[in-house]
Amino acid sequence: MSVKDILEGKLTGKEVELKGWLVTKRSSGGVQFLMIRDGTGTIQSTIHKDEVNEKIFQETDKLTQESSLALKGIVKVDKRAPGGYEIRVNDLQIVQLAVQDYPLSKKAHGIDFLMDWRHLWIRSPRQIAILKIRAEVVKACRDFLDEQGFTLTDSPIFTPSSVEGVATLFETPYFGDKAFLTQSGQLYVEATMAAFGKVYCFGPTFRAEKSKTPRHLTEFWMVEPEMAFFTFEDNLRLQEEMLTYIVKKTLEKRSKEFEVLKRDTKPLKKVEPPFDRISYTEAIGMLQKDGFSIEWGEDLGLPHEKAISLKFEKPVFVHRYPARTRAFYMQPDPEDPKVALCADLMAPEGYGEIIGGSERIYDLKLLEQRIEEFGLPKKAYEWYLALRKFGSVPHSGFGLGIERTVTWICKLKHIRETIPFPRTTTRIYP
RNA sequence: GCCGCCGUAGCUCAGCUAGGUAGAGCGGCUGGCUGUUAACCAGUCGGUCAAAGGUUCAAGUCCUUUCGGCGGCGCCA
C-alpha cells in the first residue's frame, strides 16, 4: 500500500496501513492534519478527537516534524485535502519520535545551511523531484543504449596516469605508488569496443580543477558510449537520438516532478532530430558579429556557449574545433586538417555544453605523432597504442554529463542540486 | 587564482549610511481552537553581533588582518 496508489484512486473507501514520515502537522484543536510522506508521494491524514482513543490523539499531538510512524485508516475523497484524497486515521503507532529541533523549517533557508544539512534536505519536495528526474535520465541513458545493442563495460576509477595529460587529477596513494582518480573512461571503452562493437561506460569522474561555477562539480557522472566503425556523422546522429529519447522518457514519466519544479516543458517538447549544426568557424563569425572580441583559435567560454545556445530552439552542435585546442586522440578533418572531427552539443535556453564527442584517430602513425606533439609520455600510452596495432578500425564516441543534462532539463540555476551529495571545490561534507 | 558582495537568535533577515540599552518574523516550548493548507491566536525561552587586533569616553556599526560562504570571471569537455 502506497501513497501513490491512494492518490491514483485505487484504494478509495478501503482500509489501508501506511508507513512513512511526518512532513508537517497542523491542528485545529479537535482535528489534527498530518502530511505523510512514504517515498511514493505525500498525503494528508486526519485524526479526529472523537474517532480515536484519547491516548492516540494525545500522542499524535506530540508528534514532531519528520517523526516516522505507521497508521491505519480509511481512504476518503476530500476536496479540502491537497491531492484530493486523505486518510481518516483510526490507529497510529510512532516508530520514532523525531528529536524536537528538526533543522529545516518550512520557511526559506540559505544555500550554505541547506548544503550543511544536505542529508536531510533531500527529503524536501523540490529535491525529491530533481533526484527523481535524475534517476529517470540515468535509466533512459541505459535503456536507450541497451536497446541499441550496446554492452555496458565500466572503466576503472583508479588510473595510472592522466587520460588526456592536461587536466588536474586527484592523486591518491596506491600501495607505495601513486594512482589518480579517472577524469574520463574513454580510453578504456576504446579497448572494450574492440571486443563488443558498441559499448559504454557509466560512472563517476573526477576533476581537481578549482572551477567555482554553477556548472562544475569535482565529482560527476558521465555516460561514455564508444562505437566501432561509426563515422563522425553516425556519432552525431546517435547523440541526437539518445538525447531525444532521454527528454521524451523524462517528460512522459516525470510530469508531476516538472510541476513541482514549475518547469515550463514547452521548450523540452521541441527536442527532436535533426539538431542544428554550426561549425566552430561559423560560430566565431557569429560571435564576432554580435560584438564578442574572440579570434579563430580561441576556445569558447560560457558567455560564448550561452550566446550560441540562445540562438537555437533545439540543442545545437558546434563542430570542427581547431585541432590544437582539442584532445590528442581526435581525428583531423581530412578536408581541413587544422580542425578536428569533434562536436560539442549545447543545450538550449542558455545552458552550454552537455556532450562532447569526436571521431578518434585509428591510424597508429598519426596517433604516435599526436602523442609526441602534445608532449605526452609515450610509455603511459603503450596499451592504448596497441589498440591501433591489432585490428584498428575507424570509431567514434562521446561523453554525456549527467548532472549538466539534469540541470538543463530541470532548468536549474546551479548543478549542485542534481546529485544527492555534491562535491565542489568548497564542499565535501556531508 | 582574480574581482565583487556577505557573515547579527536554531533559520531568514533588519540595525551599519550618520558610533550611544540587541530587534522582527519563522522554528522550539506552554496554552487555546473539531477542516487545517508555509493554519491561526495568546504567552514564553533564545545572542561570544565569524575571529583577532586597532581608533574612540563609548564599536554590531569606523579601520586592518585572518577565516568561512555566496555571485561572477578564469581554469576546465
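Every heavy atom of this structure was used, including side-chain atoms; hydrogens, water molecules and symmetry mates were not. Chain letters run A, B, ... following the sequence lines, proteins first, then strands; residues in each count from 1. Given the structure is predicted, the values throughout are model-derived calculations rather than measurements.
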Asker: May I have the distance from A:Asp116 (atom CG) to B:G68 (atom C1'), rounded to whole angstrom?
Answerer: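 The distance from CG of A:Asp116 to C1' of B:G68 comes to 11 Å, rounded to the nearest Å.
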
Asker: Would you say A:Ser45 and A:Glu86 are linked by a side-chain donor-acceptor pair, where the criterion is simply a distance under 3.5 Å?
Answerer: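 Note: A:Glu86 and A:Ser45 side chains miss the donor-acceptor criterion.
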
Asker: In whole Å, what separates the P atom of B:C70 from that of B:U8?
Answerer: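 Going atom to atom, P in each nucleotide, I get 15 Å.
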
Asker: Who does B:G46 pair with, Watson-Crick or G-U, both distances under 3.5 Å?
Answerer: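 Pair assignment: B:G46 / none.
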
Asker: NA contact type, A:Gly357, heavy-atom cut-off 4.0 Å: base, sugar-phosphate, or nothing?
Answerer: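 Base: the residue A:Gly357, judged by heavy atoms under 4.0 Å, touches a nucleobase.
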
Asker: Between atom NE2 in A:His216 and atom P in B:G74, what is the gap in whole Å?
Answerer: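 The answer, rounded to whole Å, is 10 Å.
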
Asker: Which base sits across from B:C5 as a Watson-Crick or G-U pair, both distances under 3.5 Å?
Answerer: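 Per the H-bond distance test, B:G69.
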
Asker: In Å and rounded to the nearest 0.5 Å, what is the CD1 to OG1 distance from A:Ile128 to A:Thr40?
Answerer: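 It is 10.5 Å, given to the nearest 0.5 Å.
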
Asker: Has A:His319 got a side-chain atom pairing as donor or acceptor with A:Phe317's backbone, closer than 3.5 angstrom?
Answerer: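 Side chain of A:His319 to backbone of A:Phe317, a donor-acceptor pair under 3.5 Å: no, none is there.
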
Asker: Taking a pair as Watson-Crick or G-U wobble with both distances under 3.5 Å, which nucleotide is matched to B:G35?
Answerer: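 Its partner is none (no Watson-Crick or G-U wobble pair with both distances under 3.5 Å).
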
Asker: Of all the choices, B:C73, B:G69, B:C75, which nucleotide is nearest to the side chain of A:Leu302 once you look at every atom?
Answerer: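 Nucleotide nearest to A:Leu302's side chain: B:C73.
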
Asker: Using 30° and 60° as the class boundaries, would you call the ring planes of A:Phe202 and A:Trp221 parallel, tilted or perpendicular?
Answerer: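 Tilted, since the angle between the ring planes falls between 30° and 60°.
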
Asker: When you measure only distances, ignoring hydrogens and angles, does the side chain of A:Ser211 come within 3.5 Å of the base of B:C75 through a donor and an acceptor?
Answerer: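 It does, because a donor-acceptor pair links the side chain of A:Ser211 to the base of B:C75 below 3.5 Å.
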
Asker: Please state whether the base of B:G74 and the side chain of A:Lys210 form at least one donor-acceptor pair under 3.5 Å?
Answerer: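 For A:Lys210, whose side chain was compared with the base of B:G74, there is no donor-acceptor pair (under 3.5 Å).
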
Asker: What is the distance from atom OG1 of A:Thr151 to atom CG of A:Leu145, rounded to the nearest 0.5 Å?
Answerer: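 If I round to the nearest 0.5 Å, the distance is 10.5 Å.
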
Asker: Between B:A24 and B:A14, how far apart are the C1' atoms? Round to whole Å, please.
Answerer: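 Rounded to whole Å, the distance is 7 Å.
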
Asker: Whom does B:A18 pair with, Watson-Crick or G-U wobble, provided both distances fall under 3.5 Å?
Answerer: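 Its partner: none found.
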
Asker: Could you check which nucleotide pairs with B:C76 in any of the strands shown, counting Watson-Crick or G-U wobble with both distances under 3.5 Å?
Answerer: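 Pair assignment: B:C76 / none.
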
Asker: Can you tell me the Watson-Crick or wobble partner of B:U64, both distances under 3.5 angstrom?
Answerer: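 By the stated definition (distances under 3.5 Å), B:A52 pairs with B:U64.
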
Asker: Tell me the partner of B:U12, counting only Watson-Crick (N1-N3 plus N6-O4 or O6-N4) or G-U wobble (N1-O2 and O6-N3) with both under 3.5 Å; none if nothing fits.
Answerer: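 Per the H-bond distance test, B:A24.
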
Asker: Using the C1' atoms only, state how far B:G28 lies from B:G46, rounded to an integer number of Å.
Answerer: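 Pairwise C1' distance, B:G46 against B:G28, rounds to 9 Å.
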
Asker: Which letter, B, S or -, goes with each nucleotide of nucleotides 28-36 of chain B from 5' to 3', with contact meaning a protein heavy atom under 4.0 Å?
Answerer: SS---BBBB

Asker: Surrounding CD of A:Glu313 (heavy atoms of other residues, nucleotides or ligands, distance under 6.0 Å), is the total greater than 12?
Answerer: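 Counting other residues, nucleotides and ligands, CD of A:Glu313 stays at 12 neighbours or fewer.
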
Asker: A:Tyr329 pairs by side chain to side chain donor-acceptor pair (under 3.5 Å) with which of A:Glu190, A:Arg370, A:Gln186?
Answerer: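 Answer to the side chain to side chain donor-acceptor pair (under 3.5 Å) test with A:Tyr329 among A:Glu190, A:Arg370, A:Gln186: A:Gln186.
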
Asker: 5'-most contact on RNA chain B: A:Thr24 or A:Gly356, nearest heavy atom basis?
Answerer: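 Between the two, 5'-proximity favours A:Thr24.
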
Asker: Taking atom types as modelled, is there a side-chain donor on A:Ser28 or A:Arg26 under 3.5 Å from an acceptor on the other?
Answerer: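 No pair is found: no donor N or O on one side chain lies under 3.5 Å from an acceptor on the other.
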
Asker: Given atom NE2 of A:His109 and atom C1' of B:G10, what is their separation to the nearest angstrom?
Answerer: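 Taking NE2 of A:His109 and C1' of B:G10, I get 9 Å after rounding.
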
Asker: Which of these nucleotides, B:G69, B:C73, B:C76, is closest to any side-chain atom of A:Pro303?
Answerer: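 So the nucleotide nearest the side chain must be B:C73.
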
